[in-house]
**Student:** 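Okay, handing you the structure first.
In what follows, chains carry the letters A, B, and so on, assigned in the order in which the sequence lines appear, proteins first and then strands, with residues in each chain numbered from 1. Computation of the quantities below employed the complete heavy-atom set of this structure, encompassing side-chain atoms and omitting hydrogens, waters and symmetry-equivalent molecules.
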Protein chains: 2
Amino acid sequence: MKEGPDIAHVAALIGDPARANILTALMAGKALTASELAEEAGIAMPTASGHLRKLEEGGLVVARKQGRHKYFALAGAQAGDVLEALMGFAVAQGHLRTRTGPRDAALRAARVCYNHLAGQAGVQMYDSLVRRGYLQIGEDGLSVTEAGGIFVADLGVSVHELAGRRAPLCRECLDWSERRSHLAGVLGRALFDLLLEKRWVDREAGSRAVRFSKAGRVAFDAAFPTN
Amino acid sequence: MKEGPDIAHVAALIGDPARANILTALMAGKALTASELAEEAGIAMPTASGHLRKLEEGGLVVARKQGRHKYFALAGAQAGDVLEALMGFAVAQGHLRTRTGPRDAALRAARVCYNHLAGQAGVQMYDSLVRRGYLQIGEDGLSVTEAGGIFVADLGVSVHELAGRRAPLCRECLDWSERRSHLAGVLGRALFDLLLEKRWVDREAGSRAVRFSKAGRVAFDAAFPTN
DNA sequence: CGGATGTTTCGGTCAGGATCGAACTATGAA
DNA sequence: TTCATAGTTCGATCCTGACCGAAACATCCG
């Protein structure tokens, strides 16, 4: 037997169309119930229940009960990374379930990547923060500079409050549509939450795409300029 | 039917143990023959032949004939990205085919990631280049600065010669063991080739790990210091 | 040209896993 | 307490795909 990481196991979990639908739905960053996921996957409840158990055992999703409802979410950022990488590859290969259409453009422009902003907008935000010295790449990875802390405080995010968390404050996530990094981690999530709170972006129903309002786009470009 | 990237298709390709062995073997960056891959995967030739055809059709590998031999290699960097992401997830979940051992440490320290250096050494190289201003992250992604061009020329790599290629000169690749970027792209490949030429590193037989010679480690640390 | 080597195709076997309806369990509401 | 809803378990059915030996094809060497 070969040694090393058993990629077949996790890949096989994702390799079933029903489970892939479930995972894709969860990439929007919202917890969904078993019934909702059965619907998303186009399968009966018993089948969905079995699939969710497998995904949970495999470490791809986590479950939380609330009364008679059971909510499922992606297990963490690393599960999101895997799915993002697979989506990128599938798109590059033309493995699409429908023909390329306006939906693709919307997903490329701005979308949720598990819990943070991805797409052109996500990369623009990341690049802007790095270029203006608000984020820096150092020996311990990505970190916020002092100037960066001030900048995001002005926007409404307190780095000091976020820094106590166990999850990394800043993390690079490789964007499949732009082939570059966007910002994940606690700060990435907080900034995305802020965009939602300020209504610069709104989620699209039943999709991972997010859409900028007119005023939101202007404010976003002002906060994260491209030059 | 749901729309969007069909991740189930590519994941199912990777999700078979025999095909996963084949892909893992190819992550070492060397082209291997069908017979060699059958051996790596522990299956008979006809079975390997069928699997390779599927991997080729799915865009994960490319084939090249040379007389009666057929050589297979990973199709490109994006296939490597997907496998790297899956490996990272599998390791994080403890999905290993044997118990964690010295092999893991070796793979974490320095390994081939398709065609460039990965692991602690790969991340050290990347961080050093960025910190010293030899690489910069800009609007068009990662690029070499003028100082960087001079630096790698001193090492023996001509950026000018490499720049004409269609593949991106510099590209970030997310390292599963370090959870940060190492350098991929044409320059990443050239630098890795250089390390091999100078014998700073040698490949380990039958593994993706690479091992530094004593002199090589000293030279590498001098060229890519951590502070 | 014949033999050897590498690879592919074909046909058959077998096992694993997805599916769902029925029944059951757990929780909430009237 | 009873009924409704959400989710799980069980058993049966069906289908898909991995596997290999044999045969065939392609290429190389003596």
**Student:** Has the side chain of H9(B) got a donor or acceptor atom that lies under 3.5 Å from a matching backbone atom of D6(B)?
**Tutor:** no
**Student:** Is any side-chain N of the basic residue among R111(A) and D175(A) closer than 4.0 Å to the acidic one's carboxylate O?
**Tutor:** yes
**Student:** By nearest nucleotide on DNA chain D, pick out whichever of G50(A) and H69(A) is the more 5' one.
**Tutor:** H69(A)
**Student:** Once you round it to whole Å, what is the distance between C1' of dT27(C) and CD of Q66(A)?
**Tutor:** 13 Å
**Student:** Can a salt bridge be assigned to the pair R171(A) and D81(A) using a cut-off of 4.0 Å between side-chain N and carboxylate O?
**Tutor:** yes
**Student:** Please check if the number of heavy atoms outside E161(B) that lie under 6.0 Å from its CD is greater than 12.
**Tutor:** no
**Student:** Of all nucleotides in DNA chain D that come within under 4.0 Å of a heavy atom of chain A, which is furthest toward the 5' end and which toward the 3' end?
**Tutor:** dA4(D) to dT9(D)
**Student:** Tell me: CD1 of I43(A) to P of dT19(C), nearest whole Å?
**Tutor:** 5 Å
**Student:** Provide, to the nearest angstrom, the distance between the CD1 atom belonging to I14(A) and the C1' atom belonging to dG17(C).
**Tutor:** 18 Å
**Student:** Quick one: label A18(A) by what it contacts on the DNA or RNA (base, sugar-phosphate, nothing), any heavy atom closer than 4.0 Å.
**Tutor:** sugar-phosphate
**Student:** From the set dT9(C), dA18(C), dG28(C), return the single nucleotide nearest to any side-chain atom of K54(A).
**Tutor:** dA18(C)
**Student:** Taking the nucleotide of DNA chain C with the nearest heavy atom to each, does A12(A) or K65(A) sit closer to the 5' end?
**Tutor:** A12(A)
**Student:** Using OP1 and OP2 only, check whether a side-chain N or O of H51(A) sits under 4.0 Å from dT19(C).
**Tutor:** yes
**Student:** Using atom CZ of R68(B) as one end and atom C1' of dT5(C) as the other, report the distance to the nearest whole Å.
**Tutor:** 4 Å
**Student:** Against L23(A), only a single residue in D16(A), L37(A), L60(A) fulfils side-chain contact (heavy atoms from CB on, under 4.5 Å); can you say which?
**Tutor:** L60(A)
**Student:** Nearest-Å distance, CZ (F72(B)) to C1' (dT8(C))?
**Tutor:** 10 Å
**Student:** Does R203(A) reach the main-chain N or O of A28(A) with its side chain, forming a donor-acceptor pair under 3.5 Å?
**Tutor:** yes
**Student:** Please report, rounded to the nearest Å, how far the P atom of dA18(C) is from the CZ atom of R19(A).
**Tutor:** 5 Å
**Student:** Whole-Å distance between dT25(C) C1' and M45(A) CE?
**Tutor:** 13 Å
**Student:** Looking at K70(B), I'd like to know whether one of its side-chain N or O atoms comes within less than 4.0 Å of OP1 or OP2 on dT8(C).
**Tutor:** yes
**Student:** Is it true that the side chains of R19(B) and H51(B) contain a donor and an acceptor less than 3.5 Å apart?
**Tutor:** yes
**Student:** In whole angstrom, give the distance that lies between atom CZ of R53(A) and atom C1' of dA18(C).
**Tutor:** 13 Å
